[in-house]
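Basis for what follows: all heavy atoms, side chains included, without hydrogens, waters or symmetry-related copies.
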Amino acid sequence: MASIETRDLTRVFRVGKTEVRALDGVNLDIEKGDFAAVVGPSGSGKSTLLALLGGLDTASSGTIIVNNRRLDQLSSHELAAYRLSSVGFIFQDFFLLGHLTALENVEVPLKLAGVDKRSRRARASELLETVGLSGRSHHKPREMSGGERQRTAMARALANRPTLVLADEPTGNLDSVTGKEITETLSRLNRERGITLLVVTHNLAVAKMARHSYRLVDGRLTADAEQNSGEAAK
Amino acid sequence: MRFRDITRDVRLNLFRRKLRTGLTMAGIIIGALAVVTIVALGNGLSAFIDQQVRSVANPNIIEAWPTTGFNPSRIAQGIFSNLGRAPREIKKEKQGEFIGTLKINMLDFDTVEKIKEVKGVAQVKPLVFILPRSVQLEGDKREFETVILPWIQGGPHVLWKGRTFSSENAAECIVSEAYVESFGLKSHKELIGKQVTLRVNEHPVLSLTGQGQLDPKLVQQLLDIGRALNSPDSDTPVAIAEAFRLTMELIASDGFARLGSQEPELSEFPATIVGVAKKGLLANLIYVPDEYGAEMGRVLFRNLDLYTEKAYGIGAIVQIGDPEKISQVKRDIEKIGKLRVVTFEDYMGAIHKVFWTMQQILVIFGFIAFVVAAFSIVNTLLMAVFERKREIGVLKALGATSGTIRMLFAIEAAAIGFWGGVAGAVIGWLVCFLGNVIAKAKWATILGDTDIFLPPTWLFPVLLVFTTILGLLAGLYPAVRAARLDPMEALRYE
């Protein structure tokens with residue numbers, strides 16, 4: 001049973017009088033617990049696809065089914081609940097809240113879910129330990145390296161035990177060594193926790209570590225979906 | 001999201017921009033400070049005046065006036081308040097209340113007897129008016145200003161030192177402690193036993209008309225002379241002769257002779273000081289025995305029958321046995337009919353109403369500060385929404401609903417209102433405290449232990465509820481804008 005299923009997914013943006021088709025009839029199937037990558041050049045529609053799968057944006061046409069739920073039929077309130085409990089986001093720019101410590105940043109989704117302070121503190125500490133940041137939990141983002149920030153963002157993405165993690169160029173702002181470490185950590189989490197992981201990237205090295213990778217060009221998913229060796233998954 | 005977490009986040013957000021938060025709060029603080037001090041001053045002054053008047057007046061008396069005839073409020077209404085309204089009909093039974101038909105009616109003896117029969121009435125005396133000119137200490141040529149009141153109008157707490165009067169027509173008086181200074185004495189002890197002269201005026205116009213000195217015949221004669229002198233042929237020998245004849249006739253008339261014989265009087269009343277009243281705001285009061293006061297009152301209208309069994313006077317003072325029953329006694333007197341009954345509390349109510357009105361006008365200025373503050377909150381929060389656009393996007397991506405975002409900003413605004421109100425109230429309270437210390441140091445003899453700034457206890461909760469709601473309302477628009485932000489657009493915002 002597929003965890004993610006899109007049919008004829010189309011997203012059209014209007015810029016003045018011009019229509020831009022960011023996604024054009026995308027059909028995508030990702031199995032539960034899979035580690036998939038979507039590669040493509042800038043402007044190919046990767047981030048748009050991720051936003052639609054994460055319930056941050058709504059499609060112009062087509063259907064999106066995630067864990068047997070049709071996202072295109074959910075209200076904005078239901079989409080917020082979906083983002084809170086089912087999805088974890090990891091962004092290229094980390095998007096940590098600068099005035100909060102690493103621990104507090106990880107606590108944010110738990111706080112939004114109404115978890116009490118003691119429980120969320122324990123959960124956030126455990127997650128920071130999982131991503132190897134237990135010693136940095138009381139540091140603010142500006143006191144951390146890029147890799148540490150992205151690890152914090154990863155811990156935050158996992159806070160509410162999502163079934164799906166969507167990562168948008170997670171290594172885009174990192175050097176190659178750190179990028180590799182981050183990808184390996186993501187892969188490990190996918191393996192150990194059975195989380196479905198979808199990474200969009202233009203970094204082929206990252207894509208290589210995924211079990212399946214897809215190519216997105218001008219909003220269209222090419223038919224030649226690759227079956228990778230799943231280097232990191234081994 | 002739990003409410004406690006929302007308030008914690010709000011506190012964190014407010015502390016992130018301390019200066020901006022402080023400046024935004026400043027408007028609320030100034031408004032709250034102004035309202036607290038104005039209301040406290042109004043309240044304090046009102047209480048002070050209340051206390052002062054109570055210390056020199058008798059709260060256990062009721063005034064009763066005939067409803068027909070002279071009615072100052074109806075006359076004032078006729079002059080000032082009839083603007084735009086159809087002129088009222090002058091009904092026969094209401095004659096004397098109108099400016100054109102002004103009539104001063106005496107209270108009739110039957111009514112006075114009925115008042116005396118009302119349960120709870122201790123005694124009834126005529127309402128005496130005295131027009132004092134001055135008070136003079138024996139052996140001292142200087143005259144000092146004064147207000148002379150019959151003893152019945154003095155309150156139960158008036159006498160401070162000495163004793164009350166030996167009889168109702170004793171040539172005695174109780175004077176304010178303030179005369180110690182005026183007379184150049186050392187202490188109130190020196191006042192007691194001193195002899196003073198109370199000078200009382202007669203009413204300059206009423207004394208003439210009241211006793212018929214200006215009779216119509218006399219006026220007619222004056223008019224005739226005027227006409228003769230102003231006629232077109234006034235310079236002819238005939239006209240001059242006629243004017244001369246009329247003038248001679250006038251001089252020879254009885255009316256003219258009477259006019260010359262009765263000079264406006266200035267009567268002198270000797271009195272021994274037997275008691276001293278504590279000095280208050282009304283520092284020039286002298287109390288005299290009721291009958292002695294009536295004698296002085298008769299001078300005012302040059303009417304020897306006034307306040308006697310021949311003419312009761314234009315009103316009565318009713319003394320109540322049990323002050324608790326004053327309202328009941330008032331109602332019972334009103335039932336007699338054709339009487340306007342006024343208690344001490346009615347007068348105090350009018351005084352408090354004046355203060356209350358003044359206070360309300362001043363409080364409006366405080367509210368102007370609140371309006372400015374509300375705009376400041378709107379502006380600050382709109383800036384905050386703009387600055388925290390990406391943060392809002394992140395929160396939405398992490399699962400925050402629009403409602404959560406809206407609540408975060410709305411509560412932030414309410415918190416500015418609430419804490420601004422708290423700070424303003426605390427500073428206002430400190431200003432009141434300092435104001436009282438300074439006022440007591442400066443006017444110690446008058447104020448004593450009285451607080452001139454008296455913030456009412458209800459003010460603080462009301463003020464805090466008001467400033468919080470004001471903040472909340474001001475924050476609604478920015479909160480709605482924040483909640484409506486598209487998460488993708490917000491995340492892309494640099």
**OP:** Determine, step by step, whether R2(B) and V115(A) satisfy the side chain to side chain contact (heavy atoms under 4.5 Å, CB included) criterion, reporting the C-alpha distance in whole Å, the side-chain angles of both residues, the deciding distance to 0.1 Å, and the verdict.
**Re:** CA-CA 8 Å; R2(B) 291 172 171 219; V115(A) 178; over 6 Å; no
**OP:** Report the C-alpha distance between V394(B) and R156(A) in whole Å, list the side-chain angles of each, state the deciding distance to 0.1 Å, and finish with yes or no for side chain to side chain contact (heavy atoms under 4.5 Å, CB included).
**Re:** CA-CA 11 Å; V394(B) 172; R156(A) 184 179 66 183; 3.7 Å; yes
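Comment: D5(B) engages R120(A) in a salt bridge, judged by a side-chain N to carboxylate O separation of less than 4.0 angstrom. With salt bridges taken as basic N to acidic carboxylate O contacts below 4.0 Å, one links K111(A) and D9(B).
Atom CZ of R388(B) is separated from atom CG of L97(A) by 10.0 Å, given to the nearest 0.5 angstrom. How far CZ of R492(B) is from OG of S47(A): 8.5 Å, rounded to the nearest 0.5 Å. The CG atom of L84(A) sits 8.5 Å away from the CG atom of L398(B) when rounded to the nearest 0.5 Å.
For Y82(A), no part lies near chain B; criterion is any non-hydrogen pair under 4.5 Å. Proximity to chain A (any heavy atom under 4.5 Å) is restricted, for T404(B), to the side chain, taken from C-beta onward. Both the backbone and the side chain of L56(A) come within less than 4.5 Å of a heavy atom of chain B. Of the atoms belonging to L395(B), heavy atoms from both backbone and side chain fall under 4.5 Å from chain A. The contact between R8(B) and chain A is made entirely by side chain atoms (from C-beta outward), counting heavy-atom distances below 4.5 Å.
Top candidate by heavy-atom pairs under 4.5 Å with chain B, chosen from S85(A), A51(A), G98(A), G114(A), is G114(A).
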